[in-house]
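Report on one structure; see the data block that follows.
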2 protein chains.
Amino acid sequence: MSCIPRLTIMLRACGYRMTSQRHAILQALHDGGHLSPAQIYQRVESTGMTEATVYRTLEFLAENGILLVADRGNGHLAYELSGESHHHIICRTCGAQMEVDPALLAPAISQMESETGYHLNAGHLTFFGLCPLCKQKPQERA
Amino acid sequence: MSCIPRLTIMLRACGYRMTSQRHAILQALHDGGHLSPAQIYQRVESTGMTEATVYRTLEFLAENGILLVADRGNGHLAYELSGESHHHIICRTCGAQMEVDPALLAPAISQMESETGYHLNAGHLTFFGLCPLCKQKPQERA
DNA sequence: TTCCTTATTGATAAAATTATCAATAAGGAA
DNA sequence: TTCCTTATTGATAATTTTATCAATAAGGAA
């Protein structure tokens with residue numbers, strides 16, 4: 001909501017344009033948080049937007065750092081507004097998720113930067129493992 | 001090559017089976033390293049295997065921790081044998097890649113484990129940023 | 001405002017990925 | 001070895017994602 005004008009200016013500065021479609025998708029992500037392409041399409045379908053446009057727009061916004069892409073662990077990707085940076089841990093057995101404070105990775109990232117010479121902009125990382133409960137239980141088949 | 005018998009035993013212990021298709025895909029990844037589903041299919045096509053089987057097998061092997069999935073940054077996923085754990089940095093501008101020693105993340109991971117109670121098994125993480133060259137150049141449009 | 005350039009979209013087709021289900025074959029038991 | 005159970009595959013259809021290209025509309029200039 002309040003960030004649309006700022007993004008509009010940012011896009012124009014690069015020669016891009018703010019369209020009603022991009023606006024609607026950003027709004028959907030603002031309201032919905034973590035969403036898959038299909039979920040986003042559901043929320044903007046009423047505007048008459050095409051699915052192709054949804055995919056194109058998501059790719060465009062992600063390339064420009066406005067959205068973050070996260071691996072959901074099921075082979076599919078989810079999108080979210082960047083800015084509220086955080087990471088996820090997903091339990092391989094029961095699927096439980098929890099957020100991880102990005103500050104935890106800050107030291108490792110700055111060390112990587114000094115060793116590689118790259119400048120890293122933290123994306124959304126997904127870690128996989130076993131949650132406290134599944135760690136105890138005898139590993140039952142999925 | 002040398003790890004197939006070990007994996008066969010591991011699978012059987014879980015009630016799964018080692019098939020010629022799984023064998024061929026593991027061999028392709030052993031030879032090829034990082035491969036997309038399409039690249040893998042090319043390498044095993046001569047066996048008469050179906051594309052559906054390739055996707056199914058990759059998902060199966062990844063679920064069982066035999067393969068790691070990595071986000072290639074283009075919205076698609078790549079697969080590799082787990083075991084040779086490492087991470088990647090990809091430059092957002094020119095696409096340059098470099099490997100990162102997983103030891104760099106070890107402290108952060110153990111801290112995450114103690115704070116969350118999860119047991120993490122390191123997957124293949126992909127970090128995005130700017131390589132030393134692109135960091136200097138005025139950001140040119142892709 | 002009106003005009004103009006061109007980034008963006010919709011429509012459509014193509015390609016990639018997943019789901020369904022009967023036929024096959026892995027591997028344990030006898 | 002032969003038989004049996006059932007995990008796995010192939011064939012096929014359905015769904016998701018991407019590519020192509022002409023039509024539209026954002027937004028700068030006059």
Side-chain angles (χ1 to χ4, degrees), chain A residues 4-26 28 35-64 66-67 69-79 140-142, chain B residues 4-26 28 35-64 66-67 69-79 140-142:
Chain A
I4 301 286
R6 184 176 57 78
L7 291 176
T8 303
I9 292 172
M10 179 189 303
L11 288 180
R12 285 193 193 154
C14 299
Y16 300 126
R17 297 170 184 174
M18 176 58 71
T19 65
S20 64
Q21 291 86 347
R22 288 176 182 169
H23 188 113
I25 287 176
L26 287 167
L35 298 174
S36 67
Q39 289 173 315
I40 293 167
Y41 178 65
Q42 283 176 5
R43 290 173 180 240
V44 299
E45 199 172 4
S46 57
T47 68
M49 194 184 321
T50 310
E51 281 178 291
T53 298
V54 171
Y55 284 103
R56 258 186 317 219
T57 302
L58 291 173
E59 187 184 0
F60 168 83
L61 293 173
E63 274 176 356
N64 287 83
I66 295 167
L67 299 184
V69 187
D71 175 11
R72 278 210 166 155
N74 55 6
H76 285 259
L77 301 172
Y79 294 82
E140 56 213 24
R141 291 263 300 280
Chain B
I4 302 284
R6 184 176 55 80
L7 292 176
T8 303
I9 292 171
M10 180 189 302
L11 288 179
R12 285 192 192 155
C14 299
Y16 299 127
R17 297 169 185 177
M18 175 59 71
T19 65
S20 63
Q21 291 86 347
R22 287 176 183 170
H23 188 114
I25 287 176
L26 288 167
L35 298 174
S36 68
Q39 290 173 314
I40 293 167
Y41 177 65
Q42 283 176 5
R43 292 173 177 240
V44 300
E45 199 174 1
S46 56
T47 68
M49 194 184 322
T50 310
E51 283 178 290
T53 299
V54 171
Y55 285 104
R56 256 185 318 217
T57 302
L58 292 173
E59 187 184 1
F60 168 82
L61 293 173
E63 274 176 357
N64 287 84
I66 294 168
L67 300 184
V69 187
D71 175 10
R72 278 212 165 153
N74 55 6
H76 285 258
L77 301 171
Y79 293 83
E140 56 214 22
R141 293 262 300 280

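If you're wondering where the values come from, they're calculated on a predicted model, not measured in any experiment. Every chain is numbered from 1, with letters handed out A, B, ... down the list of sequences.
- Without hydrogens or angle criteria, A:R22 side chain to A:R17 main chain gives a donor-acceptor distance under 3.5 Å.
- Contact check for A:N64 versus A:M10: no side-chain heavy atoms found under the 4.5 Å cut-off.
- Taking NE2 of B:H76 as the reference point, atom CG of A:L77 lies at 9.0 Å (rounded to 0.5 Å).
- Between B:I9 atom CD1 and C:dG28 atom P there is a gap of 11 Å when expressed in whole angstrom units.
- The nearest whole Å value for the distance from the CG atom in A:L58 to the C1' atom in D:dT18 is 13 Å.
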Detail all sub-3.5 Å separations between protein N/O atoms and N/O atoms belonging to nucleotides 8-14 of chain C.
from, atom 1, to, atom 2, distance (Å)
C:dT8, OP1, A:R17, N, 3.0
C:dT8, OP1, A:R22, NH1, 2.5
C:dT8, OP1, A:R22, NH2, 3.1
C:dT8, O5', A:R22, NH2, 3.3
C:dT9, OP1, A:T19, OG1, 2.9
C:dT9, O3', A:Q21, NE2, 2.9
C:dG10, OP1, A:Q21, NE2, 3.4
C:dG10, OP2, A:T50, N, 3.4
C:dG10, OP2, A:T53, OG1, 2.5
C:dG10, N7, A:R56, NH2, 3.0
C:dG10, O6, A:R56, NH1, 2.9

Each base of DNA chain D marked ( ) or [ ] if paired in-strand (Watson-Crick or G-U under 3.5 Å), | if paired to another strand and . if unpaired gives ||||||||||||||||||||||||||||||
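- Taking the nucleotide of DNA chain C with the nearest heavy atom to each of B:T8 and A:H76, the more 5' of the two is matched to A:H76.
- Atoms CG (B:N64) and P (D:dA7) sit 14 Å apart, rounded to a whole Å.
- For D:dA26, neither phosphate oxygen OP1 nor OP2 lies less than 4.0 angstrom from any side-chain nitrogen or oxygen of A:R12.
- Distance CG/A:L67 to OH/A:Y79: 8.0 Å, rounded to 0.5 Å.
- At least one side-chain heavy atom of A:M49 sits less than 4.5 Å from a side-chain heavy atom of A:I25.
- When side chains are defined from C-beta on, A:L26 counts as touching A:M18, because their heavy atoms get closer than 4.5 Å.
- Under a 3.5 Å cut-off, the side chain of B:T50 and the backbone N or O of B:T53 do not form any donor-acceptor pair.
- If you measure from atom CD of A:E51 to atom P of C:dA15, you get 19 Å, rounded to the nearest angstrom.
- For the pair A:L58/A:P37, a side-chain contact is recorded, criterion being any heavy-atom separation below 4.5 Å from C-beta on.
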